[in-house]
Each structure stands twice: as structure tokens, then as C-alpha cells.
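Structure record follows, encoded as C-alpha cells.
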Amino acid sequence: MRAVRTHGTAPELDLRRELHRRGLRYRVNHRAIESSRGRADIAFTRAKVAIFVDGCFWHGCPQHATTPASNTDWWVAKIRENQERDQRATGALAAEGWRVVRVWEHDDPVVTANMIERLVRSDHR
Ligand SMILES: [Zn+2]
């Protein structure tokens, strides 16, 4: 099994490529706040926008989540734990003034990039 937090997965790379193509520059695997929870997959430090690309299995995507047939209880608990950790990370970043965007690995990178670009370019601070 892969590690819970994998970086540079194919969906994340697709999204990064799409953002880069638009002239947006960002940091990867950036520790946005002084907490291990605050590590964003993609971060726009000036606009304070943090992006997480969540894997459908590990983060319990409502469309694609599957539960392994063996050790079912353990997996259900594990994935719930991940979701709770995601929520805490989002809350911790928001408390420091970051706008947090969580996308699923199944999301269309172009649609996602549109949304992120609007957010990053609308500097309403
Ligand atoms: Zn999904």
C-alpha cells in the first residue's frame, strides 16, 4: 500500500502543469504554517492560497471510496481519521488567514485550475 500522503501523484502533476501553463507560480509541498498539518501540496504564498489534492481512496471520496473487504473496520476508521486530519489542517490554515482549496484527484485539472486562478488573482486582502 502506498503512503497516506503521497506527493507528486499524477493528478497533482497534471494540475501543477495546468497552473504553470497559465503563468501561475507556486511552491510544492510547502509548509504553510508551523504545524505538520500545514503542509500544502501546492501553495501560493503571496495570495495565501493552499491547495490539497486528495486521493479518492485515502480521503474517502464520496464518488469513488471503496472499502477493502478484509480488515474493513480498520480501514473505515483509518479513512475517517484521515478525513478528520484534513479538516483540522483546513481549520489550522484558515485560522492563519489562508484560503484552503481541497480538490479530489478525480477532478478535472482544467476546471480546478480555473477556480484556483480566479482565487489567486483576486487578491482581496
Ligand atoms: Zn473520487
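We number each residue from 1, following the sequence as shown. This structure is a prediction, so every number in the text was calculated from the model and none was measured. Keep in mind that the numbers below use all heavy atoms, side chains included, and drop hydrogens, waters and symmetry copies. We count ligands from 1, going down the list as the structure has it; atoms in each ligand are counted the same way.
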What protein N/O/S atoms are found closer than 2.8 Å to the Zn ion (ligand 1)?
C56 SG, C61 SG, H64 ND1, H106 ND1
Run the ring-centre check on F57 versus W75 and record whether the distance is less than 6.0 Å.
yes
Can we say R80 and E84 salt-bridge, meaning some charged N sits less than 4.0 Å from an Asp/Glu carboxylate O?
no
Minimum heavy-atom distance T66-P68, with the two atoms named
O-CD, 3.8 Å
Counting only heavy atoms not in R27, do more than 12 fall under 6.0 Å of its CZ?
no
Checking D14 side chain against P109 main chain: does a donor-acceptor pair fall under 3.5 Å?
no
Indicate the ring-plane relationship of Y26 and F44, choosing parallel, tilted or perpendicular according to the 30° and 60° boundaries.
perpendicular
